[in-house]
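Before any comments, here is the structure.
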Amino acid sequence: TGPNGFERTLKTGICRVLNGGFAKETLDLLDPGEYTVRATAGKRSGQETFTIERDRTKQVTVKLRCPAHG
């Protein structure tokens, strides 16, 4: 989610994520402002909030945590 009503849901194969891999998604041409990325894979979930500056790119990694193990 982000400024100006931005909201997008992306889906990827869960096997890569749960087996120690990662899923990479690229969002182009986002308005400057604060964004929140929420990710879930099975029982694991994570969230990161970050700011996009005008004419800049941003790489964000969301670490997934298991509720039973933190």
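Position 1 is the first residue of the sequence, and the numbers go up from there.
Within the 4.5 Å cutoff, no side-chain heavy atoms of Phe6 are placed close to those of Thr1. Proximity of Glu53 to Pro32: side-chain heavy atoms (C-beta onward) are nowhere separated by under 4.5 Å. Here the side chains of Thr36 and Gln47 are in contact, with some heavy-atom distance below 4.5 Å.
Between Ala39 and Val62, the closest heavy-atom pair is CB-CG1, 3.9 Å. Minimum heavy-atom separation, Gly33 to Pro3: CA-CG, 4.1 Å. Nearest heavy-atom pair across Glu48 and Thr61 is CG-O, 3.4 Å. Smallest separation of non-hydrogen atoms from Leu64 and Gly46: CD2-N, 3.7 Å.
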Working note: Val37 + Thr49, criterion side-chain contact (heavy atoms from CB on, under 4.5 Å); need CA distance, chi angles, decisive distance, verdict.
CA-CA 6 Å; Val37 174; Thr49 299; over 6 Å; no
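Tyr35 OH to Glu7 CD: the interatomic distance, rounded to the nearest 0.5 Å, is 12.5 Å. Thr57 OG1 to Leu27 CG: the interatomic distance, rounded to the nearest 0.5 Å, is 12.5 Å. The distance from atom CG of Asp31 to atom CG of Asn4, rounded to the nearest 0.5 Å, is 5.0 Å. Here the straight-line distance linking atom OG1 of Thr9 with atom CZ of Arg38 works out to 10.0 Å at 0.5 Å rounding.
With a 6.0 Å radius and a threshold of 12 heavy atoms from other residues, nucleotides or ligands, Gln59 has its CD atom at or below the threshold.
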